[in-house]
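First the structure, in the form of structure tokens, and then the observations on it.
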Number of protein chains: 2
Amino acid sequence: MLRISKMTDYAVVLATHLAAADGAHAARDLALQTQIPEPTASKVLKKLARAGVVISQRGAKGGYALARRPEQIGINEVIEAIEGPIAVTECSDESTDSFCEYETNCGVRANWQRINLAVHRALSEISLADMAFPGTSELVSIALSGKDAERLRDAGTPSNDVH
Amino acid sequence: MLRISKMTDYAVVLATHLAAADGAHAARDLALQTQIPEPTASKVLKKLARAGVVISQRGAKGGYALARRPEQIGINEVIEAIEGPIAVTECSDESTDSFCEYETNCGVRANWQRINLAVHRALSEISLADMAFPGTSELVSIALSGKDAERLRDAGTPSNDVH
DNA sequence: GCATATGGGACTGAAACGGTCCGGTATACA
DNA sequence: TGTATACCGGACCGTTTCAGTCCCATATGC
């Protein structure tokens, strides 16, 4: 199905929610607001935190907040936080040394990487801001490459306030 | 992992192989040449046939051949033949009426479809010809190791020596 | 010190995946 | 017309992954 797992879906919903409502929020609140079961939401948020998409504050009055501004977080980051690196096939997964033993005759390896790259770029060109505030920069973010878009948008307050 | 299943990998290998060697080939031969286990290759080819990516000829001297010219077959067709429609999440899957019951507050549905579209387009822009004869397209040189491409390109009769 | 909230990991039932096998049917050719 | 060949359709099964829950350790604010 080439479908993204439910967990990843949750991750996008949660991250989008955080993008729309800035500041820190407890996992429990986020779970209630998004109607995602609380333990599951918590699990997802942990992964997002470990991947650096969100930052966490432990203890009382703690919670989660986006690690960067929504415009600076690509949807690919959210997806990769849950699913691991976007490696379309084992043989195109650089991290593992699982070697396609018939690489010589399949000759497809390099092409898979190209497919992989195409998908990766398509995903990275959609930011959390696009998700949270659709319509504002819809066409722009598609037309621009990630870097250009970033430069264009870079004019605001750099850090977020996690009180 | 957002990884495409092994079956789909096989499908691309087989389709690419057919693209490089035109004419009809028995499933058994294709399996041998690509070193994919025969029953599995057969299963994949059946799906490709049903999806209209390849055409099949039954009976003695039968086999499989591409349904169209390699340039006219997008890699997305091959993937969809195996994995079904590229629907990133259930809630963005139009075919099922599985309704995101908190659509009102998640508000992400339309965005998922946009992501979906981006991926779909990225995949459809790569044809089987690009896979079978890399180098004819300019983008390939980035990701290409070169060695395999040369071998593939120079293989005049691709069905024999590929072992 | 206590309530609150995240971190990490173990655990489980259900579903999907990878792979195989078999009976049925269509076709070429002797 | 008979037979070998080759695809068609689906059943089957062991393994892995997925979705979801639970528990305990740890950090923090009051």
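Lettering follows sequence order; numbering is per chain, from 1.
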Protein-nucleotide distance (A:Ile55, atom CD1; D:dT28, atom P), rounded to Å: 14 Å
Pairwise 5' ranking along DNA chain C for A:Gly59 and A:Lys46, keeping only the more 5' one: A:Gly59
Under 3.5 Å donor-acceptor pair, A:Arg58 side-chain atoms to D:dT28 base atoms: no
A:Thr40 vs D:dT21: side-chain N/O to OP1/OP2 distance below 4.0 Å: yes
A:Gln57 side-chain N/O to C:dT4 phosphate OP1/OP2 under 4.0 Å: no
Pairwise side-chain contact, B:Lys46 with B:Tyr64, heavy-atom cut-off 4.5 Å (strictly under): yes
Basic-acidic side-chain contact under 4.0 Å: B:Arg68, B:Glu77: yes
Donor/acceptor link under 3.5 angstrom from B:Lys43 side chain onto base of C:dG18: no
Sugar-phosphate only, base, or nothing, as touched by B:Lys61 at under 4.0 Å among non-hydrogen atoms: sugar-phosphate
N or O in side chain of A:Tyr10 less than 4.0 angstrom from D:dG20 OP1/OP2: yes
Heavy-atom donor-acceptor pair, A:Glu83 side chain to A:Ser5 backbone, under 3.5 Å: yes
Phosphate OP1/OP2 of C:dT4: any A:Arg28 side-chain N/O under 4.0 Å: no
Pair A:His120-A:Glu80, side-chain donor/acceptor within less than 3.5 Å: yes
Side-chain N or O of B:Tyr64 closer than 4.0 Å to phosphate OP1/OP2 of D:dC8: yes
